[in-house]
Amino acid sequence: MKYYIEDTTINKVVYFEDVNNIVTYLEQLCKKKFKQDRKTWMFEMQTLGHGFDDAQGIYFTELMSGYFNIGVLRDDGRHVKTNIHELQRNLKYRNEMGD
């Protein structure tokens, strides 16, 4: 599975093989776009009533998807915006439990 982020700070689509790498990249984008690290930005989001951050970056990714297009690259080459953490969880269970 290939994941992508449309990085508007450099006008380029960046591809990833792993969801954890996306969260790390989003932390860099947070610094570029908001001039804040993830912890400070998420504290402000929490103060505004948007919820708490988590170790896996699930909520952080969801909030950042409001600013950046994040999703998967389909076999036919199309980009599909999706919740990558939910997709990863569903694929894990499909592989473990069968189709």
Side-chain angles (χ1 to χ4, degrees):
M1 179 73 53
K2 273 203 168 190
Y3 304 95
Y4 74 89
I5 296 175
E6 285 185 21
D7 184 345
T8 55
T9 65
I10 58 173
N11 294 324
K12 184 178 176 183
V13 177
V14 184
Y15 297 97
F16 302 90
E17 300 282 335
D18 183 73
V19 171
N20 294 329
N21 293 337
I22 290 175
V23 174
T24 302
Y25 193 81
L26 285 172
E27 289 173 348
Q28 296 171 12
L29 288 179
C30 188
K31 287 179 183 177
K32 285 182 184 179
K33 182 149 183 90
F34 303 111
K35 310 289 189 252
Q36 296 176 334
D37 63 8
R38 171 182 166 180
K39 183 177 180 179
T40 304
W41 191 72
M42 285 304 299
F43 178 76
E44 288 187 7
M45 294 296 103
Q46 177 185 343
T47 303
L48 293 171
H50 289 286
F52 295 91
D53 196 11
D54 54 291
Q56 298 83 22
I58 295 170
Y59 199 62
F60 174 65
T61 304
E62 185 178 324
L63 288 172
M64 291 295 282
S65 71
Y67 300 95
F68 300 97
N69 187 1
I70 303 169
V72 295
L73 178 66
R74 305 258 329 218
D75 290 337
D76 62 6
R78 291 184 300 143
H79 292 143
V80 178
K81 185 173 183 171
T82 189
N83 182 325
I84 58 171
H85 293 280
E86 197 171 305
L87 175 67
Q88 180 186 38
R89 185 190 72 227
N90 291 341
L91 290 173
K92 177 185 174 191
Y93 288 119
R94 178 187 287 173
N95 290 338
E96 289 177 2
M97 305 296 185
D99 223 356

With a 4.5 Å cut-off on side-chain heavy atoms, are [Y] and [X] touching?
X   : Y   : value
Y4  : F16 : no
E27 : D37 : no
K32 : I10 : yes
I5  : L29 : yes
Q36 : K31 : no
L73 : M1  : no
Q88 : Y3  : yes
F68 : K33 : yes

[atom1] of [X] to [atom2] of [Y]: how many Å apart, nearest 0.5 Å?
X   : Y   : atom1 : atom2 : answer
S65 : H85 : OG    : NE2   : 9.5 Å
R38 : M45 : CZ    : CE    : 13.5 Å
R89 : I84 : CZ    : CD1   : 13.0 Å
T47 : M42 : OG1   : CE    : 10.5 Å
L87 : L91 : CG    : CG    : 4.5 Å

May I ask you to check whether over 12 heavy atoms, not counting those of K81, lie within 6.0 Å of atom NZ?
yes
Considering residues, nucleotides and ligands other than F43, do more than 12 of their heavy atoms fall under 6.0 Å from its CZ?
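It does not: F43 CZ has 12 such atoms or fewer within range.
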Test item: D54 side-chain N/O and Y59 main-chain N/O as donor-acceptor pair under 3.5 Å:
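Confirmed, D54 side chain pairs with Y59 backbone.
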Determine whether a donor-acceptor pair (N or O, by modelled atom type, separation under 3.5 Å) exists between the side chain of K2 and the backbone of D75.
no
Assigning hydrophobic clusters by single linkage (Ile, Leu, Val, Met, Phe, Trp, Tyr; side-chain heavy-atom cutoff under 4.5 Å), is [X] placed with [Y]?
X   : Y   : value
F60 : Y25 : yes
V14 : Y67 : yes
V23 : F34 : yes

Determine, stepwise, if the pair L26 / I70 fulfils side chain to side chain contact (heavy atoms under 4.5 Å, CB included).
CA-CA 10 Å; L26 285 172; I70 303 169; 3.9 Å; yes
When the aromatic ring centroids of Y15 and H79 are compared, is their separation below 6.0 Å?
yes
Can I22 and D18 be said to form a side chain to side chain contact (heavy atoms under 4.5 Å, CB included), step by step?
CA-CA 7 Å; I22 290 175; D18 183 73; over 6 Å; no
Considering only NZ, NE, NH1 and NH2 on the basic side and carboxylate oxygens on the acidic side, decide whether R78 and D76 come within less than 4.0 Å.
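Salt bridge: yes.
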